[in-house]
Amino acid sequence: MSEEKSLNFIEDIIEEDLRAGKYKSILTRFPPEPNGYLHIGHAKAICLNFGLGLKYGGKTNLRFDDTNPVTEETEYVDSIKDDIKWLGFTWAEELYTSDYFGKLYEFAVDLIKKDLAYVDDSTAEEIAAMKGTPTEPGKDNLYRSRSIEENLQIFTDMKDGKYKDGKKVLRAKIDMKHTNMLMRDPIIYRIKHAHHHRTGNDWCIYPMYDFAHGQSDSIENITHSVCTLEFIPHRELYDWLIEKLEIFPSHQYEFARLNMTYTVMSKRKLLQLVNDGHVKGWDDPRMPTLSAFRRKGYTPESIRTFCDKIGVAKRENFIDLSLLEFCLREDLNQRALRVMAVLDPVKLIISNYDDGKTEELISENGPDEAMGKRVLTFGKELYIEREDFMEEPAKKWFRLAPGAMVRLKSAYIVKCESFIKDNSGKITDIHCTYIPESKSGSDSSGISVKGTIHWVNAATAVTAEVRLYDRLFTVENPLGEEGDFKDTINPNSLDIIKNAMVEPSLKDATAESRYQFIRKGYFCLDKDSTPGKMVFNRTVTLKDAWAKEVKKK
RNA sequence: UGGGUUAUGGUGUAAAGGUAGCACAACAGAUUUUGAUUCUGUUUGUCUAGGUUCGAAUCCUAGUAACCCAACCA
């Protein structure tokens with residue numbers, strides 16, 4: 001095959017439309033409802049819609065689908081805008097469906113005048129009963145034959161606030177026996193005496209999704225209105241309304257939403273996790289929201305790469321979380337500064353190193369020369385990772401053990417001579433000797449060791465809190481289990497380490513800094529940090545061949 | 001008992017009648033002052049049954065499975 005990437009089915013359609021001269025340029029839109037935070041599934045839709053605009057020299061609008069005042073809030077509007085900007089996209093116009101309430105009302109009046117809409121006084125239960133089921137046709141009710149004049153008058157009265165919530169609705173007059181349930185006289189306007197986040201108390205009737213979305217697309221001259229699969233049955237109604245209203249013919253195309261292992265992706269369920277206190281807010285780093293990924297240290301580039309790799313198609317998919325992590329590591333590996341941090345410290349004392357002596361050693365900041373170098377202080381007392389020492393070494397173990405030698409990264413080779421345990425059997429000190437000729441960069445010792453471990457100098461190390469995150473759920477598909485999805489929440493999804501010892505250069509960390517704690521993973525500074533106490537989030541672990549080796553047994 | 005949509009390795013995604021490719025995952029090895037990175041290699045697939053054709057993932061017929069549709073949510 002050639003170098004260029006093959007097109008997805010929507011790109012196929014657009015290229016065909018452009019080729020055929022159906023449109024001179026394209027216009028897409030991203031239409032979130034401001035009732036929750038954006039998650040990784042939205043990122044797929046954002047990358048798709050904005051990506052299409054960019055690729056074909058068109059534009060993309062951001063339109064808040066705010067037709068339900070009871071669930072929508074400005075807080076969500078702000079977070080959504082932040083997330084889209086963070087991902088790196090720029091919208092042509094910031095619009096709101098509520099901008100069109102006047103126009104939409106006119107459309108409804110137009111429909112009534114064409115005898116294509118009527119006011120129904122039935123209760124919600126009655127309407128549901130008359131609607132039939134997917135396998136049984138619905139039935140007409142007596143309100144369906146109301147006169148145009150009467151409908152016009154009552155609809156005006158509805159708008160003027162003469163009725164209470166739920167007393168009347170406006171319905172499109174289509175076909176109660178239609179095989180598509182959505183075509184059985186769908187409700188297009190309902191009464192809600194509620195405060196709207198933008199229009200305040202101007203309206204007490206609000207259009208339903210189906211009477212707002214397609215019409216908004218049309219008003220904006222959207223050429224390709226891309227949405228997820230569950231809206232397929234809505235397309236027939238979308239087209240019907242555009243045809244009857246005789247307005248600009250936007251077209252709807254549907255793709256499969258993103259599903260990912262070890263998480264859930266519905267705003268309703270995410271809201272539940274927040275409200276029930278299973279996580280500490282929408283941006284808790286264990287959440288699949290964009291604000292959580294950002295806080296956890298993910299880069300927008302890695303998420304865009306991920307969205308590119310998963311593709312766009314119409315079949316249900318279930319993406320492996322490891323693909324997202326792969327994209328992340330690939331990016332972080334290139335940009336993260338390498339530093340040393342000991343998460344579970346145990347003291348290492350070098351017996352043949354002079355008391356009070358220190359040395360300044362040079363270490364590279366990363367694999368790329370351009371990342372520069374930094375100075376590390378070495379001394380007689382260090383901290384190393386507790387798990388890097390094994391009293392009775394396992395097979396293929398090439399870290400520290402009694403009598404064994406190991407390289408201290410960017411420093412010397414040391415040999416373990418003895419160790420001390422406290423009353424509870426916990427190792428408190430490891431005594432080593434070092435090989436003076438083995439200094440990194442000028443090693444003349446002739447000794448080669450298999451293992452290299454990280455360390456920090458006890459005298460100059462800084463204490464920091466480190467938060468280790470694991471997947472939020474214990475099973476790949478929390479919704480595939482019997483019972484409530486919350487039963488599969490991972491009780492160990494957060495491990496807080498209060499006293500990690502990190503090298504002093506980390507004092508310069510900023511919110512944007514990306515680090516690799518050598519051999520432990522990628523980390524970033526959390527917003528909970530204070531001048532007196534740094535807090536780091538583990539963004540993702542490094543791949544760990546040893547852990548895999550251990551697991552095999 | 002209705003209507004709609006989709007079926008390609010473990011997971012995704014290409015192949016527009018002509019060599020089933022790519023990525024992740026898994027496995028094996030090389031390199032390595034991060035058991036990381038990098039590099040090399042291996043395993044695994046066209047839902048089923050018929051048919052058309054020199055040739056079928058692709059076309060035809062009949063099945064099967066999964067998902068969606070009965071909020072005054074979007």
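Naming: A, B, ... by sequence-line order, numbering from 1 per chain. Computed over heavy atoms, backbone and side chain alike; hydrogens, waters and symmetry mates excluded.
With sequence neighbours excluded, the residues forming a salt bridge (Lys or Arg N to Asp or Glu O under 4.0 Å) with A:Arg519 are A:Asp388, listed by chain and number. For A:Lys192, the salt bridge (Lys or Arg N to Asp or Glu O under 4.0 Å) test picks out no residue, with sequence neighbours left out. Residues satisfying the salt bridge (Lys or Arg N to Asp or Glu O under 4.0 Å) test with A:Arg190, not counting sequence neighbours, are none.
For A:Tyr515 and A:Tyr522, the distance between ring centers is not under 6.0 angstrom. Residues A:Phe231 and A:Tyr238 keep their aromatic ring centres 6.0 Å or farther apart.
Going from atom CG of A:Leu7 over to atom C1' of B:U13 covers 13 Å, rounded to whole Å. The CZ atom of A:Phe231 sits 10 Å away from the P atom of B:C69 (whole-angstrom rounding). Put simply, CZ on A:Arg235 is 13 Å from C1' on B:C68, counting in whole angstrom units.
Salt bridge annotation for A:Asp217-A:Arg63: present, with a cationic side-chain nitrogen under 4.0 angstrom from a carboxylate oxygen.
Checked by distance alone, A:Arg399 brings a side-chain donor or acceptor within 3.5 Å of a matching partner on the base of B:G35.
Paired with A:His454 under the rule side chain to side chain donor-acceptor pair (under 3.5 Å), one option of A:Glu385, A:Lys520, A:Glu503, A:Lys409 passes, and it is A:Glu385.
Residue A:Ser322 is classed as a sugar-phosphate contact, given heavy-atom separations below 4.0 Å to backbone atoms only. Using a 4.0 Å heavy-atom distance criterion, A:Ser122 is classed as a base contact. Residue contacts for A:Lys520: at a heavy-atom cut-off of 4.0 Å it reaches no nucleic acid atom on any strand shown.
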Dot-bracket encoding of pairs in RNA chain B, which uses [ ] for pseudoknotted crossings and | for another strand, Watson-Crick or G-U under 3.5 angstrom: .((((((..((((....[..)))).(((((.......)))))....(((((..]....))))))))))).....
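Annotated as syn: B:A71, whose glycosidic dihedral is within 90° of 0.
Across residues 158-180 of chain A, A:Gly166, A:Val169, A:Thr179 each have a non-hydrogen atom less than 4.0 Å from an atom of RNA chain B (numbered order). Across residues 331-346 of chain A, A:Asn333, A:Arg338 each have a non-hydrogen atom less than 4.0 Å from an atom of RNA chain B (numbered order).
A distance of about 9 Å separates the C1' atoms of B:G45 and B:A20, rounded to the whole Å.
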